[in-house]
Number of protein chains: 2
Amino acid sequence: MTSQPLARAGGERQRDADRTKAEILQVAQREFARHGYAGARVDEIAERTRTTKRMIYYYFGGKEQLYIAVLEKAYTEVRAAERTVDVAHLAPVEAIRTLAELTFDHHDAHRDFIKLVGIENIHEAEHIRKSEVLANLGTPVLDLISRILDAGQESGDFVTEADAIDVHMMISAFCFFRVANQHTFGALFGRDMTAPEHRARLRTMVGELAVAYLRGAGAPA
Amino acid sequence: MTSQPLARAGGERQRDADRTKAEILQVAQREFARHGYAGARVDEIAERTRTTKRMIYYYFGGKEQLYIAVLEKAYTEVRAAERTVDVAHLAPVEAIRTLAELTFDHHDAHRDFIKLVGIENIHEAEHIRKSEVLANLGTPVLDLISRILDAGQESGDFVTEADAIDVHMMISAFCFFRVANQHTFGALFGRDMTAPEHRARLRTMVGELAVAYLRGAGAPA
DNA sequence: CGAAACTAACTCACTGGTTCGTACATTACA
DNA sequence: TGTAATGTACGAACCAGTGAGTTAGTTTCG
């Protein structure tokens, strides 16, 4: 009873199909993130959808292609979010600090994506490599960091001659680890890094870390 | 023909069993690290061993118990290695720098362990929690860091009032990420963080990062 | 216009291979 | 002789993937 067959105009079938595909992708993302590639069950995904397993094969072709489609969607969304970042108008120190905190927030908000990245690394990125969409998805963040680094050198705020990829790596590492490894870290050290009482402190810390490094304070005396 | 039955003395059977168990654990670690928990195959493990699948069930009880045994062995070895670290005789700045570099080397040398940690986090540490051995395996590293931090405050080298767990987390994050995420990072940014031409620079960087942070250079001007 | 041909979306029932785990017989040994 | 260790074969569930046909819109064309 969701729609009256007689009233359905031209493009509705197509729109239904798109909606179904989107629903499958969403459910599949959850299933893959929760159980890993091998642990995910196509039947389970089908059951949590308004469609059937047959349709998953009809639309995506197979489990692996579905998984790749999930990765493509997740990565694409992340890149889209990154493009909205604008810190160019800030002074170098504030720009880096803000970028670090935005990265922190971003990781905090996209737990499933973090897990997919972790899963993909266990498989040594074999699926990402099969995707043409993701093949050369360099990121604008690197350009941004480069520009901030140059400005900082120019102004004298930054002393360390840092590499943009290294800086991006460092910030990502901190933010990624906090979310991805929260469970084993919590089990071993009795601290939930994602708990509210630690969140704000760690968020500030990642910015200070980046700034301290770029100011050159770590070099041997 | 590996041993003469008639010449075998008392404890040899036991020693054979221990050796077989150890062999199973080693092969299983590899299999689990490569394919994840669900992706690992008990038959595959058995085939790569001088034993049969029957013996795996005889010794360990099941796939999950075998996996937990692998985790216990891996974590125990890591902790044993950590206990050999001695930087207490160094000045605070050098102690932190050395500790960071040792952590770096350690992650660099134990790729399978890194993968197991990643896998365990995907499963939200459900298996670690089932293990009594690993339940409260706090680490001596925290005490070490605490002492270094105190000494640094005392001597005036460190200005930031840092938390030992946070510092450990930061260093681990950097080292862990470089190894664990090398594949997706490489695919997206075209740089292999584990390649020789980047290794030394990043190794130095993690020490400088920690020192710069503790010296308080990241605080707002 | 209206029927027939066409096509996308969808259902149902099924299969072949895989995979964890075990029953049972057998051997080595104290 | 009794107990621990081991080999062989098998079963039952699971699970990715498919064959074959149906429904309902869309296009073509007399």
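Below, chain A is the first sequence line, B the second, and so on; all start at residue 1.
In this structure, B/Arg50 places its CZ atom 12 Å from P of D/dG7, rounding to the nearest Å.
Listed by residue number, the members of residues 51-69 of chain B with any heavy atom below 4.0 angstrom from DNA chain D are B/Thr52, B/Arg54, B/Met55, B/Tyr58, B/Tyr59. Contacts between residues 33-49 of chain B and DNA chain D, counted as heavy-atom distances below 4.0 Å, involve no residue at all.
Salt bridge status for B/Glu47 with B/Lys53: absent, with no side-chain N to carboxylate O gap under 4.0 Å.
Partners of B/Leu102 by side-chain contact (heavy atoms from CB on, under 4.5 Å), not counting sequence neighbours, listed by chain and number: B/Val85, B/Val87, B/Thr98. Qualifying ring-ring contact (aromatic ring centres under 6.0 Å, His included) partners for B/Phe104, counting only residues two or more places apart in sequence or in other chains: none. When the side-chain contact (heavy atoms from CB on, under 4.5 Å) test is applied to A/Thr160, the partners found at least two apart in sequence or on another chain are A/Ala162, A/Tyr213. For B/Glu44, the salt bridge (Lys or Arg N to Asp or Glu O under 4.0 Å) test picks out B/Arg48, with sequence neighbours left out. With sequence neighbours left out, the side-chain contact (heavy atoms from CB on, under 4.5 Å) criterion links B/Asp143 to B/Arg147.
Each side chain to side chain donor-acceptor pair (under 3.5 Å) pair with one or both residues in residues 29-41 of chain A, not counting sequence neighbours, would appear here, but there are none.
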Kindly list each side-chain donor-acceptor pair under 3.5 angstrom involving residues 167-181 of chain B, sequence neighbours excluded, with atom names and distances?
| unit_1 | atom_1 | unit_2 | atom_2 | d |
| --- | --- | --- | --- | --- |
| B/Ser172 | OG | B/His168 | O | 2.9 |
| B/Arg178 | NH1 | B/Met193 | O | 3.1 |
| B/Arg178 | NH2 | B/Asp108 | OD1 | 2.3 |

